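Predicted, not measured: the structure shown is a model, and the values here were computed from it. For ligands, and for the atoms within them, numbers begin at 1 and follow the listed sequence.
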Amino acid sequence: MAKPTKLFVCQSCGASFPKWGGKCTSCGTWDSLVEEFPKEVVPGGLGQSKKPASRSSRIEFTSLDDAAKEVVRWPTGIGEFDRVTGGGIVPGSAILIGGDPGIGKSTLLLQVAAILTSAKDKKPLKVAYISGEEAVDQVRLRASRLGVEKAPVMLAAATSVRDIVNSLDQSDAPDVVIIDSIQTLYLDSLDSAPGTVSQVRGSAQELIRLAKTHGFALFLVGHVTKEGTIAGPKVVEHMVDAVLHFEGDRSHHFRILRAVKNRFGPSDEIGVFEMVENGLDEVKNPSALFLADRNEEVSGAAVFAGIEGTRPVLVEIQVLLSPSPLGTPRRSVVGWDNNRLSMILAVLETRCGLSLAGKDVYLNVAGGLRIQEPAADLAVAAAILSATIDHPLDQETVFFGEVGLSGEIRAVSLAEMRAKEAEKLGFKTAVAPKQKRKKKSSSQTEATSSLQINSFVHLNDLLRDLARKKAPKKDTDVLD
Ligand code: TYD
Ligand code: MG
């Protein structure tokens, strides 16, 4: 059978089809099929094997308990960056860094490059920074803004993968190669435009293969689509060893580097940075920073003691309720899950008798952090309750706990760690679920170090407690 001369490739998931269609039947995305040419029809492709098929050879098996080679790491000395990479850059690994335009990807990598090339206490590394987006002068300009223009980084502007591979495929290849960005590269063996799935996949494949052969660490910058995923293929995410997302609101100074995947360290670890005049500064104590602008005595604000990766982080959750002119009131969420908010609202209405119909609900996680933990449920519920009864929550209390559909408050992991962080920042009380493993579960109030833990079983208990604090005699008003 003749090979197809063209294919239609979904730009979202990478699935390919012989015919065009309005919708990708693999991932369900509309209008994402683009005509591309398969490798086979383009002779002499870089991605194409030029060797004739060789005979197969036997693979050697070994056992799990064989002495594993210790992973070498190159720490950068930027604590927050090393934390996210799992203790430093691993030679031979490929790392994809995604993020919105202008969030600071190029800045961060240039800073990392400069540090690695000019380390004083250990052997400096050879770092190549290849920009496909900016001219060499633009990168130089950024370097002088960062005060690292003297760093011996090998700088080049290139977009052809063939040229890049030819230049790097040498015995004295650099130790670290930074590609900014993968979407600008092209393989001349493929007919499609740079940035399409086949180009991105093909280019990444070539570079990763080279990185593994020569043992250099490869950083690939990837653009992010409107939906927040790395543009082009999910397949690149599978090919690399680590995927880091650089998040943050451009109107805020904070930037969060999050390990979405990491073969050499914990995933979901975050590093917090602040964008200042001369580059990115690491933030060593994110909780203090996220709570820095807290207003005193405002209703609708609750402090959530969360866990990001392996570390506790305290953030303020703010809720605003306002009368809605719309038939269907608005639910607007920044930094949390929209569906999760709908669920908490439904639980509060059905199980606690709150009436939120006719009210717009705005939820914001202060500081630009995105929370993914269900443990934030209780803090969100507390903020909504506080906004409903228009009474501020206690300033020295933190909240954590998951809320079930019947309104019960469920235990969450790492309660001790959350409590310790809260205590460190001067909080006196935590409203939290009863921890099952605790022996003293019969008492209402338990003490972990000096932080008081107020355990509630159901959201109604929390509501009653808040109503009592607001107006001791009228605690049934809101329950009607
Ligand atoms: P950049 O690293 O170019 O972002 P990306 O590569 O992710 O597109 O960052 C650009 C933004 O950072 C730009 O809006 C200016 C700001 N910035 C600073 O505030 N301070 C600095 O020292 C630098 C270099 C950039
Ligand atoms: Mg850039």
Could you tell me whether ligand 1 has any atom less than 4.0 Å away from a heavy atom of Val276?
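Distance cut 4.0 Å: Val276 passes for ligand 1.
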Going by the atom numbers of ligand 1, which of them fall below 4.0 Å from some non-hydrogen atom of [X]?
X      : answer
Glu277 : 20 (N), 21 (C), 22 (O)
Pro101 : 8 (O)
Asp100 : 7 (O)
Asn278 : 22 (O)
Leu146 : 22 (O), 24 (C)
Arg142 : 3 (O), 24 (C)

Are [X] and [Y] within salt-bridge range, i.e. N to O under 4.0 Å?
X      : Y      : value
Glu80  : Lys284 : no
Arg340 : Glu373 : no
Asp268 : Arg258 : yes
Arg162 : Glu206 : no
Arg255 : Asp100 : no
Arg370 : Glu247 : no
Lys126 : Asp175 : no

Listing residue and atom name, which protein N/O/S atoms are closer to the Mg ion (ligand 2) than 2.8 Å?
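Per the 2.8 Å query on the Mg ion (ligand 2), atoms found are Ser106 OG.
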Short side-chain to backbone donor-acceptor contact, Asp360 and Ser324, under 3.5 Å
no
Given [options], which one has a non-hydrogen atom that is nearest to [atom]?
atom                    : options                : value
atom 6 (O) of ligand 1  : Ser131, Ser106, Gly104 : Ser106
atom 11 (C) of ligand 1 : Gly147, Gly99, Gly102  : Gly102
atom 25 (C) of ligand 1 : Gln138, Arg255, Arg145 : Arg145

Please determine if Glu134 has a nitrogen or oxygen closer than 3.5 Å to a nitrogen or oxygen of ligand 1.
no
Any N or O of Met275 that comes nearer than 3.5 Å to an N or O of ligand 1?
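No, there is no polar N/O contact under 3.5 Å.
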Does [X] reach the side chain of [Y], with side-chain heavy atoms less than 4.5 Å apart?
X      : Y      : answer
Leu207 : Leu220 : yes
Glu269 : Thr310 : yes
Leu33  : Val9   : no

To the nearest 0.1 Å, how far is atom 2 (O) of ligand 1 from its closest protein heavy atom, and which atom is that?
Thr107 OG1, 2.5 Å
Look at atom 22 (O) of ligand 1 and say which protein heavy atom is nearest, naming residue and atom and giving the distance to 0.1 Å.
Gly279 N, 2.6 Å
For Phe254 and Phe290: C-alpha separation, side-chain torsions, deciding distance, then whether ring-ring contact (aromatic ring centres under 6.0 Å, His included) applies.
CA-CA 9 Å; Phe254 317 129; Phe290 288 133; 5.6 Å; yes
Looking only at the side chains, is there a donor atom on one of Thr76 and Asp82 sitting less than 3.5 Å from an acceptor on the other?
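Yes, Asp82 and Thr76 have a side-chain donor paired with an acceptor closer than 3.5 Å.
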